[in-house]
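In what follows, a structure is listed as structure tokens, so that the remarks can point back to it.
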Amino acid sequence: MAPHLFLYVFPFLLLGGFLVYWAGSRHAYFRRQPTEQGDPTAWDWHFFVPCRDEEAVIATTVDRLRTDFPASHVWVIDDASDDRTGEIVAALAAEDPRIRLVTRRRPEARIGKGAALNAAYDALDAQLGEDADRSRAVVCVVDADGRLSPDALAYVSGPDGFGDPEMGGVQIGVRMRNVDDERPRPDRGRVVNAYARLLIRMQDAEFAVSNTGMQLLRCRTGSVGLGGNGQFTRLSALDRIAAAERRPWKQDALLEDYELGLHMRLAGYRVTHIADTWVTQEALPYTRRFLTQRTRWAQGNIQCVRYATRIVGSRHYRAQGVMESLYTFFQPIAHLAVLVLTVVLVSVLVTGFAAGAVLFAAWPLALALGTLSIVPFLLWGPVYRREFAPDRSRAAGVLWGITLWLYAYHLFIVSARGSVRLVRGRTGWAKTRRNAETAVAGPTATES
């Protein structure tokens, strides 16, 4: 194949892969079955809440966990906060023996979320002792601003969850709690707030429908991904991973949650997604904070390429799971390749008359395939409106679909940023500011 033809064809091969993946996700979403609930009292529940400078939200989160799930234990990991996080949790723990503070200090602290979770695992291990029935213990990771649905433990306990003895991990859905906030940026005017509301809406739609469809597809391929919020794991499964890897969570990973799911399946456990219940968190109305968060996710995805050979050679992965996992790992790389190829194609059109003539002659095909790349996003918009915002007009659903298409272009930005960070050797974990935090509100976690 001539080089200029390869440059033209390759982006559309990537588009074809995306369309196949989207069609599978949409099919899985509409064919999903209701999840049967189980008995939460059959399990011992331990919530891990990692924190860095979370004084704005931590008291509310801990109080809600203890109120909604009174039989549970809450382990708050203070990862060397510079604010009053540790002081607030210590006061709560003094009044409630089921609340425990795990305090970390530099230089061991602030080296990653995985390291903080491992510290809580060690503390739980020491507290349980040798005689405990670890097969009945379940660990749930909750963000410092996370709020679980009151029925979450019942769904996770059912036959589709830990009622299955081979189930090592369960991920529940994620929703954005501030999706109906009329003034997410109270210090700014109408235009900024209109933009902020739309950015929040897109994050909610992304998780509610497109990401849910993706996870339900993964249920069929056997490659469900664990997330950092609403992640449930069987303690005995964490023990097996710790025995093989020295610790359950990867210390140097930016996606320690997703990598834990990989280790679960490589160890022979099943991992599933339950869409009938969810955990809520605050969406980000700030572009800079949003891009910082997503850059970390993109860079973490690239790091997962190191698992490719292990997955291909694992007897616990079916062919579909191998293909889905590799597709996920290489998404940021594919986005970066498309950016580079776009620059090259434009250069060819401008400077290479013969090659440019060939490419220009094929513009109807390019237009048709470009249109196909938009349709999947347009179709998710009405689905989201119908299922999660039925009080809004059909026109709003169409508008949200168009906006989802434009919103998806952030993937190219964060993939490029994540790649640059990786090349520069920057792999630190920087906490994204909470919405309640401002530039002058006090200390906020930084990367180092």
Check Arg134 with Asp239, please: is the shortest side-chain N to carboxylate O separation under 4.0 Å? yes
Using a strict 4.0 Å threshold on nitrogen-to-oxygen distance, state whether Glu282 and Arg289 make a salt bridge. no
Begin from the C-alpha positions of Tyr407 and His410 and carry the test ring pair (Phe, Tyr, Trp, His ring centres under 6.0 Å) through to its verdict. CA-CA 6 Å; Tyr407 169 83; His410 82 269; 4.8 Å; yes
Trp45 and His73: side-chain donor and acceptor closer than 3.5 Å? no
Run through Val179, Val209, Val383 and flag the one making a side-chain contact (heavy atoms from CB on, under 4.5 Å) with Phe388. Val209
Have Gln37 and Asp151 got a donor and an acceptor in their side chains that come within less than 3.5 Å? no
Measure from the ring center of His263 to the ring center of Tyr269 and say whether it is less than 6.0 Å. no
Give the table of side-chain donor-acceptor pairs shorter than 3.5 Å for residues 394-404, with sequence neighbours excluded, one pair per line with atom names and distance.
from, atom 1, to, atom 2, distance (Å)
Thr403, OG1, Leu399, O, 2.8

Pairing residues for Phe47 by the ring pair (Phe, Tyr, Trp, His ring centres under 6.0 Å) criterion, not counting sequence neighbours: Phe69
Test of understanding: with side chain to side chain donor-acceptor pair (under 3.5 Å), list the residues that count as partners of Arg64, not counting sequence neighbours. none
Do any N or O atoms from the side chain of Gln281 and from the backbone of Met176 form a donor-acceptor pair under 3.5 angstrom? no
Side chains of Tyr155 and Glu36 only: does a donor on one sit below 3.5 Å from an acceptor on the other? no
Side chain to side chain contact (heavy atoms under 4.5 Å, CB included) involving Arg32 - partner list, sequence neighbours excluded: Tyr29, Leu216, Glu387
Taking atom types as modelled, is there a side-chain donor on Tyr195 or Thr287 under 3.5 Å from an acceptor on the other? yes
So, using ring pair (Phe, Tyr, Trp, His ring centres under 6.0 Å) as the criterion, who are the partners of Phe377 when residues are at least two apart? Phe18
Cationic N near anionic O, under 4.0 Å, Asp204 to Arg175: yes
About how many Å separate NE2 of His316 and CZ of Arg310, when rounded to the nearest 0.5 Å? 11.0 Å
Could I get the full list of ring pair (Phe, Tyr, Trp, His ring centres under 6.0 Å) partners for Tyr21, not counting sequence neighbours? Tyr327
Salt-bridge test for Arg110 and Asp53: reply yes if a basic N is under 4.0 Å from a carboxylate O, no otherwise. yes
Less than 3.5 Å apart, any donor N or O on the side chain of Arg247 or Tyr121 sitting next to an acceptor on the other? no
Please check if any side-chain donor atom of Gln215 sits under 3.5 Å from a side-chain acceptor atom of Arg218, or the reverse. yes
Any side-chain heavy-atom pair from Leu153 and Ser72 closer than 4.5 angstrom? no
Classify the side-chain pair Ser223/Glu324 by whether it contains a donor and acceptor separated by less than 3.5 Å. yes
Scan Phe330, Tyr409, Phe412 and name whichever one has a ring-ring contact (aromatic ring centres under 6.0 Å, His included) with His335. Phe412
Would Arg26 pass as a cation-pi partner of Trp380, given that its NZ or CZ must be under 6.0 Å from the six-membered ring centre and within 45 degrees of the axis? yes
With salt bridge (charged side-chain N to carboxylate O under 4.0 Å, His left out) as the test, would you mind laying out the steps for Glu206 and Arg294 before giving the verdict? CA-CA 13 Å; Glu206 176 187 20; Arg294 298 309 176 93; 3.0 Å; yes
Take Leu284 and Leu199 through the side chain to side chain contact (heavy atoms under 4.5 Å, CB included) test and state the conclusion after the steps. CA-CA 8 Å; Leu284 296 169; Leu199 181 59; 5.6 Å; no
Euclidean distance, Ser325 OG relative to Met323 CE, rounded to 0.5 Å: 11.0 Å
Would Leu65 and Asp68 count as a side chain to side chain contact (heavy atoms under 4.5 Å, CB included) if you check the C-alpha gap in whole Å, the side-chain angles of each, and the deciding distance to 0.1 Å? CA-CA 5 Å; Leu65 286 172; Asp68 291 345; over 6 Å; no
Do any N or O atoms from the side chain of His46 and from the backbone of Val139 form a donor-acceptor pair under 3.5 angstrom? no
State whether Arg201 and Asp180 are salt-bridged, where the test is any N-O pair (Lys NZ or Arg NE/NH1/NH2 against Asp/Glu carboxylate O) under 4.0 Å. yes
Interatomic spacing from CG in Leu238 to OG1 in Thr233 - rounded to 0.5 Å: 4.0 Å
Main chain of Ser81, side chain of Thr85: is a donor-acceptor contact present, judged purely on distance under 3.5 Å? no
When you compare the side chains of Gln231 and Asp257, does any donor N or O come within less than 3.5 Å of an acceptor on the partner? no
